[in-house]
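Chain naming here is simple, since letters A, B, ... match the order of the sequence lines and numbering starts at 1 in each.
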2 protein chains.
Amino acid sequence: MNFQQLRSIREAIRCGFNLTEVANVLATSQPGVSRQIRELEEELGVEIFVRSGKRLTGLTEPGRELLPVVERMLVDADNLRRIAGDFIEGDRGSLSIAATHSQARYALPSAVRDFRATHPNVTLQLHQGSPQQVAQMLLSGQAEVGIATRVLAEHDELVAMPCYRWTHSVIVPAEHALLDGEVTLERLATFPLITYELGFTGRGTIDDAFERAGLKMNVVLTAMDADVIKTYVELGLGVGIAASIAFDEERDRQLRAIDARHLFPINTTEVGVRRGGVLRRFAYDFIQTFAPHLSPEVVKRAQASAVDTPQAPL
Amino acid sequence: MNFQQLRSIREAIRCGFNLTEVANVLATSQPGVSRQIRELEEELGVEIFVRSGKRLTGLTEPGRELLPVVERMLVDADNLRRIAGDFIEGDRGSLSIAATHSQARYALPSAVRDFRATHPNVTLQLHQGSPQQVAQMLLSGQAEVGIATRVLAEHDELVAMPCYRWTHSVIVPAEHALLDGEVTLERLATFPLITYELGFTGRGTIDDAFERAGLKMNVVLTAMDADVIKTYVELGLGVGIAASIAFDEERDRQLRAIDARHLFPINTTEVGVRRGGVLRRFAYDFIQTFAPHLSPEVVKRAQASAVDTPQAPL
DNA sequence: TATCCTTACGGAATTCGTAAGCATG
DNA sequence: CATGCTTACGAATTCCGTAAGGATA
């Protein structure tokens, strides 16, 4: 048993059982990958992959049971390197963060600024993506810290820690009809709406609110980020619904924001990390810079926790 | 990074930093071990061991942090083999159980008999030792299941599950003075006592009871097991104190047992397994045969649990 | 001086990539 | 017929054990 075999197994699944692709990812030859997999199967005495003809098509029952252990072992291998890294380079290295646009654009900047000041020798990489992509980046090891709203906790391999709560605002041009009188879902439903794409920045909770009220939304445009939303609101295409944090009185002088916390459910932004993982010391520092209540100890404890907090029997 | 390196690290610690001994345990050459360790240290960029001159004398700070991860990786490697083993051989294989004498002699026989009947192709190995040795055998992987009273939970790497409760009895020859009237600690203290060695079968709780009563025990003989105790009681050397379960009316016709649950604290026998480990299916079956409330699911959940059940923050 | 680790070296085994072969959608 | 996996083979590398060297209790 060796790590190259384990890596081949893991990548084979990630690459949809295409060993040629695995070979590229692992920077080796395709017959090599083929051999690694076969040799591990021989050593363990079970077939890990289902083969139809010569192609791999899926995981066998044993394969499905082996996989989580294989992944943990590879994570642990990285953990060793990270633990060692803390000792050899101390406060020097690189930190990869995955975040949704809203977070990267509005919530993170101050944390990043403070972190850069205290950790000048750490290279920050900020990856952007949908909440699903953020989760994926954490799972693949591409990012060590993920910041998104919900969804992170949906994967067993990840731990999500509540970070802060926020609500939406209604964004309108200056001198818009909605600025007079109370804003209700009923009134909103009469306007063309511009908001997030499904799956982004609490869009789900917006839809829920309208649906529970028995109202139909007239969404004329969806975007992945508030900047785009605001741009089109400014053009008069409709009424925007965006995260409150995305509105800046200074910057958005042409626009007005109406707090809508009474209309839509509260959203919770979460910091996600790999379960069972170990991060560089400065990564814990970053998390605490972003969310002061998430101390290194709290995060480490969460990482070490089991999927379902079990009770000692009897 | 490879597994031989990790094994060398682990054994080096187990062998008290004597690489020559490690080489014997791992069935390889001493310079080989030396190289494995050095190469891993070079790859990680940190020294794992403290060297005074050429000898290894201890773990460095990084070494102490790396060790638990290294051990988990090696446990996981075994886990892979065990998971695969369940598929290739099904209900065939071997199960290594470590137990104290009392358990092996009085509690286990019926479970072993039932298990043998339902799993005829599983080879059982029953190791015997002090509670500390039982824990050690679990830690080293020599035994998969451990059965002892207390102490198992004292190691972070082990999970102990309460199994059943029991108390002590006073064992006397037929027609002994103690058979008349009530048995109290005060009366017991007037007789020469024969009981377990310290650390065995609840000896600690016996001492506690006397100490709390401000009484001094006159222990004339200690043994590791009840058979020896009973033998000397039969010879008239003194009054025995042993686990109630160890007395058998049929067998011990020369003796009488006086229930002493009102005198000494209740003891709890525990089943212990390695945290983070995976057992063969039949091993879970065995545990349930021994303690019906410890179903495979319960045990697996306990194994997957973190050391201190943590709360999701906030 | 005996124990224990390191270094040096040579042979053996393993590993890996290229090239050819074959099955499948 | 293009894609994708297996087999075959040869070269390169790695690996490991023996033997010698040196430090320490």
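- The side chain of B/Ser29 has D/dG17 as its nearest neighbour among C/dG17, D/dG17, D/dT7.
- By the 30° and 60° cut-offs, the orientation of the rings of B/Phe3 relative to A/Phe3 is parallel.
- Applying the salt bridge (Lys or Arg N to Asp or Glu O under 4.0 Å) rule to B/Glu197 yields no partners; only residues at least two apart in sequence or on another chain are considered.
- Residue A/Arg51 places no side-chain atom within donor-acceptor reach of the base of D/dG4, judged by atom type and a 3.5 Å distance cut-off alone.
- Spacing between atom CZ of A/Arg35 and atom P of C/dT18 amounts to 12 Å, rounded to whole angstrom units.
- Remark: P of D/dC15 and CZ of B/Phe3 are 15 Å apart, rounded to the nearest angstrom.
- Contacts between residues 39-49 of chain A and DNA chain C, defined by a heavy-atom separation below 4.0 Å, involve no residue at all.
- Residues from residues 5-21 of chain B placing a heavy atom under 4.0 Å of any atom in DNA chain C, listed by number, are B/Phe17, B/Asn18, B/Leu19, B/Thr20.
- When the C1' atom of D/dC5 is taken as reference, atom CD1 of A/Ile37 falls 11 Å away, rounded to whole Å.
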Q: Could you walk me through whether B/Met73 and A/Leu80 pass side chain to side chain contact (heavy atoms under 4.5 Å, CB included), step by step?
A: CA-CA 10 Å; B/Met73 294 173 81; A/Leu80 288 185; 3.7 Å; yes
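- Rounded to the nearest 0.5 angstrom, A/Arg82 CZ and B/Leu44 CG are separated by 12.5 Å.
- Put simply, the side chain of A/Ile147 reaches to within 4.5 Å of the side chain of A/Ile97, judged on heavy atoms.
- Enclosure of atom CE in A/Met224 is not indicated, since only 12 or fewer non-hydrogen atoms of other residues, nucleotides or ligands lie within 6.0 angstrom.
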Q | Base versus backbone protein contacts along nucleotides 20-25 of chain C [heavy-atom cut-off under 4.0 Å; B, S, -] | A | -BBBB-
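- Checked by atom type and distance alone, the side chain of B/Thr60 pairs as donor or acceptor with a backbone atom of B/Ile48 at under 3.5 Å.
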Indicate every side-chain donor-acceptor pair of residues 276-287 of chain B with a distance under 3.5 Å to a residue at least two apart or in another chain.
| from | atom 1 | to | atom 2 | distance (Å) |
| --- | --- | --- | --- | --- |
| B/Arg280 | NE | B/Asp86 | OD1 | 2.8 |
| B/Arg280 | NH1 | B/Glu89 | OE2 | 3.2 |
| B/Arg280 | NH2 | B/Gly85 | O | 3.1 |
| B/Arg280 | NH2 | B/Gly90 | O | 3.0 |
| B/Arg280 | NH2 | B/Arg92 | O | 3.0 |
| B/Tyr284 | OH | B/Leu279 | N | 3.1 |
| B/Tyr284 | OH | B/Gln303 | OE1 | 2.6 |
| B/Asp285 | OD2 | B/His119 | NE2 | 2.9 |

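- Here A/Gln36 does not reach the OP1 or OP2 of C/dT15: none of its side-chain N or O atoms lies under 4.0 Å away.
- To the nearest 0.5 Å, atoms CZ (A/Arg38) and CG (A/Leu40) are separated by 11.5 Å.
- The distance between atom CZ of A/Arg38 and atom C1' of D/dA8, rounded to the nearest whole Å, is 12 Å.
- Classification of A/Glu43 and B/Arg81 as a salt-bridged pair holds, one side-chain N sitting under 4.0 Å from a carboxylate O.
- Put simply, CD on A/Gln4 is 13 Å from P on D/dC15, counting in whole angstrom units.
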Sequence neighbours excluded and cut-off under 3.5 Å, please list the side-chain donor-acceptor pairs for residues 120-127 of chain A, or say none.
| from | atom 1 | to | atom 2 | distance (Å) |
| --- | --- | --- | --- | --- |
| A/His127 | NE2 | A/Ser96 | OG | 3.1 |

